[in-house]
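Below: the structure, in structure tokens.
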Protein chains: 2
Amino acid sequence: MSIAIENFVKAIYKNGKRDNNDTKPGNIAKKLGISNAAATDMAQKLASKDLLHYEKYQALKLTDKGNKMALNVVRKHRLWESLLFKLFDMSLHDIHREAELLEHQTSDLLANKISEYLGNPKFDPHGDPIPNANGEITTTDTSIALSQTSEGKKYMISRLMSDDKEFFEFCAQHGLKFGNTLFVSKQFNKNKMTQILINNNTILLNEDFTSIIYVNESN
Amino acid sequence: MSIAIENFVKAIYKNGKRDNNDTKPGNIAKKLGISNAAATDMAQKLASKDLLHYEKYQALKLTDKGNKMALNVVRKHRLWESLLFKLFDMSLHDIHREAELLEHQTSDLLANKISEYLGNPKFDPHGDPIPNANGEITTTDTSIALSQTSEGKKYMISRLMSDDKEFFEFCAQHGLKFGNTLFVSKQFNKNKMTQILINNNTILLNEDFTSIIYVNESN
DNA sequence: AAAAATATTTAAGCTTACTTAAATATTGTT
DNA sequence: AACAATATTTAAGTAAGCTTAAATATTTTT
Ligand SMILES: [Mn+2]
Ligand SMILES: [Mn+2]
Ligand SMILES: [Mn+2]
Ligand SMILES: [Mn+2]
């Protein structure tokens, strides 16, 4: 399957998972940087290949076959991120950018070699789960967005759901990193802001950030 | 530049280097598995992009710009082969196959990271030289084909110029490996065969093999 | 030096993955 | 419930990278 198809299927998969947007052509188009017309076109083509269910004006839904393909690409993406992060001194944003391309040029055999070399990791450097060779995610995610946390509790960062360079630079600067702990000192519910204490620094985060930083309650 | 263009330019580069075939569209077409017509078409297109000199019915010649592009792709190819060979238990043929794809999806930055990680190696696992970040090959190659060697002398294998699976399997089986030494016991000039002694085994090689196994005279 | 065999080029056409513009349907607002 | 705003779909068209078939040039053989 082509790069365009792999990216399309993956975008639907991720849209359905994370964003509770409904997965209509327009949303996918926006993510992929193509026109709505192109997305509709592609959706119809993929339906004829049995990769997704298409009904005019309805949300797109992957078939089992489409889902499997998406998970295969996601697996390769996250394995590459893990490898590059381990071997080289590269930022989360940079490894993501490289993985976005490498994911399409990787045989299943190579993916398995990478996985084996890394000790079959279950999570990538963002904290995202890595599907196994059968396209299954066996770990269960108990984490919640920082925006959903309670005042006065301690949490461990489990996932940074972003591809944005500036966000990662901000995170790096303030110690917001997979595995680090923080304390939620105040929730400004009206303003949708969250005040946290991390590394003895107090920071105020708005919803753009608190909705993509995932955490687990800590001791 | 597209994958098709990178492969095309690289094929011209390699054809000019190794094979003393003249580099006409038909030869390139054969290597890339496309029609002669497609190769001519592409050659004309690349001439308009200043990547090669095209004159009807004449051999193709890369411009400086084209040469630089080819070396950049070759660099990435050989760095990937080096990395995969080091990290994973993969055959020379397999690493070549993966590198053939990865070479087109690798930023200069990532290439430099790989090079640095490996200690800026000068040769890949086949013994082929790796161009530096400026697209220069600084090593000089003094090796000769096994077919050109003299009876009664000892040589060290410096290069296995092939992508062929069966050839590599044969090599692996008989200890024909980068760095290993062999003794040329007889040259059958009329039959274009070479008899060598390696690991206490005598093997008779025909020209298909002796022309792609490169060696340096050894003590 | 012809003739025959080969190789190259041109021409016409196809598929993929896009684009913009126009038509149509859905959704949100008054 | 009607109107306006928004989203989706259809239609028409483009560029890249191929194909096969036919025309033309080059190379090899006789
Ligand atoms: Mn990523
Ligand atoms: Mn991608
Ligand atoms: Mn190779
Ligand atoms: Mn290639």
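By convention in this document, chain letters (A, B, ...) are assigned in the order of the sequence lines, proteins followed by strands, and residues within each chain are numbered from 1.
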With B:Phe88 via ring pair (Phe, Tyr, Trp, His ring centres under 6.0 Å) - residues at least two apart: A:Tyr117
Length of the CG-P vector between A:Asn7 and C:dA17, whole Å: 11 Å
Between C:dT19 (C1') and A:Met42 (CE): distance, integer Å: 14 Å
By side-chain hydrogen bond (donor to acceptor under 3.5 Å, both in side chains) - contacts of B:Thr149 (at least two apart): B:Gln187
Centroid-centroid under 6.0 Å between A:His174 and A:Phe209 rings: no
Residue whose closest nucleotide on DNA chain C lies nearer the 5' end, B:Lys24 versus A:Ile5: B:Lys24
Whole-Å distance separating the CG atom of A:Asn36 from the P atom of C:dT20: 11 Å
Sugar-phosphate, base or nothing in reach of A:Tyr54, heavy atoms under 4.0 Å: sugar-phosphate
With sequence neighbours excluded, residues passing side-chain contact (heavy atoms from CB on, under 4.5 Å) with A:Asp141: A:Ser143, A:Arg159
B:Phe168 ring center within less than 6.0 Å of B:His126 ring center: yes
With sequence neighbours excluded, residues passing side-chain contact (heavy atoms from CB on, under 4.5 Å) with A:Asn134: A:Asn132, A:Glu136
Sugar-phosphate, base or nothing in reach of A:Ala4, heavy atoms under 4.0 Å: sugar-phosphate
Opening and closing nucleotides of DNA chain D in contact with chain B, under 4.0 Å to non-hydrogen atoms: D:dA16 to D:dT27
Nucleotide C:dT16, atom P - distance to CD of A:Gln44 in whole Å: 15 Å
Residue closer to the 5' end of DNA chain C, A:Lys56 versus A:Ile3 (nearest nucleotide): A:Ile3
Separation of C:dT16 C1' from A:Phe8 CZ (nearest whole Å): 14 Å
A:Glu55 CD to C:dT26 C1', straight-line distance once rounded to whole Å: 15 Å
With sequence neighbours excluded, residues passing side-chain contact (heavy atoms from CB on, under 4.5 Å) with B:Thr139: B:Lys122, B:Phe123, B:Pro129, B:Ile137
Sugar-phosphate only, base, or nothing, as touched by A:Ala37 at under 4.0 Å among non-hydrogen atoms: base
